[in-house]
Undergrad: 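Got a structure for you, written out below as structure tokens; questions coming shortly.
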Amino acid sequence: MLTSATVVVIGGGIIGSAAALFLSRAGEDVVVLERGHGPEQASVRNAGGVRAQCRNRTERLLAMASIELWRGFARETGIDFEYRQGGNLRLAADEPALRAFAHESIDEAADGLTTQVWDRADLRRRAPQVSDRFAGAKYCPTDGHANPIRATWLILAAAKRAGARYLTGTEATHIDVDGGAVRGVRARRGGDEVRIAAPVVVHAAGPWTPALATPLGVTLPVTPARNAMLVSQRVPPLLDEFVSSHELQVYLRQAPAGHIHVGGVFAVEDTFDQRVSQAELTHLARAVEILPALRRLTILRSWAGTLDLTPDHLPLLGFTTAAGGYLVAAGFSGHGFCLAPAVGRTISELVRGTATSVDVTALRPDRFSPA
Amino acid sequence: MTAADVVVVGAGPAGLAAAAAAARAGASTVLVDAYERPGGQYFRQPASVTRNRSGVQERGRHLAARALSVGVEFRPHTAVWDATPTDLHLVTGGTVSTLAFRAAVVATGAHERVAAFPGWTLPGVYAAGAVQALLKEHDLVPGRRVLVAGSGPLPLVVAAALVHRPVRVAGVLEATRLAVETVRHPWIGAAGLWAQGARMREGLVGTVRLLRHRVPVRTGWGIVRALGDSEVEAAEVARLDPQWRPVAGSERTVECDTLAVHHGLVPNTDVLRLIGADVVRRPDLGGWVPVRTPWLETSIPGVFAAGDCAGIGGAALSLVEGDVAGAAAACHALGREPVRHTARQRAALARERRFQRLYAALFAARPGLTGLPRPDTVVCRCEETTRGEIDAAIAAGARTTALVKSTTRCGMGPCQGRICLPLVEQLTATATGVPPVPVTARAPLVPIPFDAVRRC
């Protein structure tokens with residue numbers, strides 16, 4: 001099979017689909033290559049947190065832009081992807097942690113993000129279901145969470161409606177470069193070879209991205225890592241907020257169906273293995289130290305996804321210098337779901353050569369290469 | 001943490017035989033089962049010790065006693081909630097423990113296959129196996145007027161057991177037209193049936209008993225839907241074509257307050273898949289089954305599989321497979337070469353596998369079963385996902401069971417999809433033409449308290 005496009009996107013997860021959506025809306029002819037039958041990896045295996053607080057500045061601006069876009073998707077489509085702005089609550093173990101939150105809150109306010117610092121008494125009053133072991137918390141009322149599976153499929157469907165062509169069960173095998181510029185992508189679909197001629201390639205294959213970048217002379221410092229989650233039985237509403245403790249290294253949220261999802265602020269590095277170990281389950285069960293009501297509940301299921309970690313835990317986003325037309329969007333280090341809408345829009349702006357709504361030069365993919 | 005040379009999961013026919021064989025070979029052997037008494041579904045023991053046992057129950061008790069007498073340690077009320085190639089993580093009444101092993105025999109049996117016909121979630125609809133369990137364990141009969149429907153020997157066995165109780169059997173419907181199929185497959189004859197398979201023999205004895213009690217037994221008929229507002233009041237039944245599709249215009253209504261339904265069994269491979277054993281899809285054997293060597297070892301060295309969890313074959317095949325796997329597991333654990341099959345084992349395996357092929361040819365689930373649920377019929381009871389929602393997910397691009405599961409939540413409830421996923425897999429494969437891949441098994445296999453896991 002031979003076809004052509006103006007942009008080929010490798011990876012049909014939430015980043016690839018968000019890019020395809022905004023590129024198609026801007027008038028580009030987009031082909032998305034997805035080796036699975038649909039979004040199956042980190043896009044649909046994360047906790048669905050949508051958070052602007054407690055982030056690096058570039059990510060904060062991307063997250064704030066994404067929250068606007070997420071609100072827009074909910075309004076425009078009328079589809080309930082369980083997006084709720086129930087707030088994000090970051091717990092402080094002690095007074096020094098609380099003071100650091102206060103400093104961060106000032107930086108955030110400068111960017112127009114409103115957050116509140118709660119002391120021990122505030123936390124008891126505002127979130128009585130949370131354990132009294134914490135010294136306080138930082139609360140961002142506009143943050144929240146969504147169902148990552150529904151949200152990913154919503155963006156995928158919107159991209160298709162905008163004209164993007166999805167080739168599922170199609171695994172990219174080579175990125176063709178000639179004369180210093182991208183010429184297209186070769187892929188395998190069953191036993192057949194597929195060739196798509198295109199001047200631009202957007203590479204958004206998560207932890208699998210480096211494998212096809214290396215032959216182009218592009219070294220992407222992306223490490224695969226397992227991130228496990230578990231879910232409780234259904235219970236009546238307990239929690240609007242997305243709550244996390246970096247001291248306990250766990251976070252949790254309650255989905256509208258009533259299940260409480262628990263994830264870890266840690267990952268088992270250097271593995272594509274998605275089997276959840278006993279040690280991880282034991283660790284995640286420490287969520288009872290945040291929410292004592294969990295003690296009486298049972299764990300229903302667990303699962304894991306594969307993160308794409310970079311050395312600074314920030315994404316690799318932008319054109320590379322190795323080949324003209326080769327744009328990398330990977331290494332999201334667990335932040336991809338929340339940031340996807342604004343990242344998709346930024347990719348479209350970069351490809352079209354228009355001014356970017358968020359300055360992402362700090363995320364350029366070759367920032368780790370010796371100058 | 002405790003340790004054993006050989007651990008056996010499941011105390012049904014295969015597990016009891018395996019544990020006894022392993023212990024006889026000199027291996028320290030632990031047998032775990034989620035229930036209080038050993039026996040599994042086939043040898044299910046009465047709850048009260050004062051009640052008389054049936055012949056089958058007597059044999060089960062004898063087997064269990066023999067296993068204990070050769071040194072098997074039995075742990076009742078103990079379920080596996082997580083497993084690796086070297087350890088089982090167990091839960092006994094809310095308390096967790098870990099058991100390290102050198103070799104394991106997984107003998108987890110099977111689940112009943114559920115046909116999601118309109119009305120199947122009404123009170124009064126039972127799996128025939130559940131009716132049998134109530135009878136065997138508590139001598140209880142649900143309802144007063146029971147229609148038994150489905151396929152295979154079990155519905156006949158259950159109906160035959162019911163005729164001696166204070167209950168009216170409104171009829172027995174067998175989906176396969178046995179008389180026609182017997183002509184089509186010359187090697188299927190009454191004599192062949194009689195010679196093979198304890199359960200089949202039981203079924204035929206049952207048929208004779210049913211006819212004597214003037215219970216109508218129809219073959220080539222099946223359930224189409226259950227009728228009633230808040231509970232079963234009647235059933236709509238229809239003649240079925242050879243693919244088990246209802247023949248339009250043949251529908252009839254049968255009054256009943258209870259439906260006992262059974263459309264065969266699905267191997268329970270949860271523990272095997274969690275450990276990482278390779279499985280292949282064998283619709284003739286009930287679904288996904290582990291790949292095994294002649295010693296019944298799976299793709300994971302030291303992990304063996306015996307009985308219905310490795311392919312539906314009935315109690316007699318389970319007994320001989322357990323015997324083979326238990327001895328082989330002991331050899332693996334003790335560092336010996338595996339012993340050769342005895343002549344008796346070879347003969348029994350050949351005979352019971354002939355029965356297994358016959359059972360598959362007659363009773364393996366056929367496509368018509370997938371056509372029964374209508375758009376508003378609930379397929380996943382735990383999450384209340386309907387056929388319509390599943391079809392919509394497939395139409396929106398979900399082309400695998402895992403994708404349908406993740407987009408509709410079907411199979412994500414407390415039962416972990418044991419009931420609905422075989423049907424979802426069939427619906428998805430039929431609609432998309434994409435060959436199914438097994439859904440990943442995940443801990444915990446049974447719901448487990450946060451507090452228990454935290455203290456692991």
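Side chains included, hydrogens not; waters and symmetry mates left out as well; all remaining heavy atoms used.
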Undergrad: Is it the backbone or the side chain of V288(A) that comes under 4.5 Å from a heavy atom of chain B, or both, or neither?
TA: side chain

Undergrad: Indicate the atoms forming the closest heavy-atom contact of R442(B) with R275(A), along with that distance.
TA: NH1-CA, 3.9 Å

Undergrad: Can you tell which part of L403(B) gets under 4.5 Å to a heavy atom of chain A, answering side chain, backbone, both or neither?
TA: side chain

Undergrad: Just grab all the salt bridge (Lys or Arg N to Asp or Glu O under 4.0 Å) pairs involving residues 81-106 of chain B, residues at least two apart or on different chains.
TA: D5(B)-R102(B)

Undergrad: Taking non-hydrogen atoms and a cut-off under 4.5 angstrom, which of residues 295-305 of chain A neighbour chain B?
TA: R295(A), L297(A), T298(A), I299(A), L300(A), R301(A), S302(A), W303(A), A304(A)

Undergrad: To the nearest 0.5 angstrom, please state how far the CD atom of E40(A) sits from the OG1 atom of T400(B).
TA: 5.5 Å

Undergrad: Do any of residues 407-426 of chain B come closer than 4.5 Å to chain A, heavy atom to heavy atom, and if so which ones, in number order?
TA: T407(B), R409(B), M412(B), G413(B), P414(B), Q416(B)

Undergrad: Select one option (side chain, backbone, both, neither) describing which atoms of S232(A) are under 4.5 Å from chain B's heavy atoms.
TA: both

Undergrad: In terms of heavy-atom proximity below 4.5 Å to chain B, should L230(A) be classed as side chain, backbone, both, or neither?
TA: side chain

Undergrad: Under 4.5 Å, heavy atom to heavy atom: which of residues 428-440 of chain B reach chain A? Give them by number, or say none.
TA: V434(B)

Undergrad: Highest number of heavy-atom pairs under 4.5 Å with chain B: which of T152(A), L284(A), L281(A), V231(A)?
TA: L281(A)

Undergrad: With a 4.5 angstrom heavy-atom cut-off, which part of Q274(A) approaches chain B: side chain, backbone, both or neither?
TA: both

Undergrad: Please state whether the side chain, the backbone, both or neither of H283(A) comes within less than 4.5 Å of a heavy atom of chain B.
TA: neither

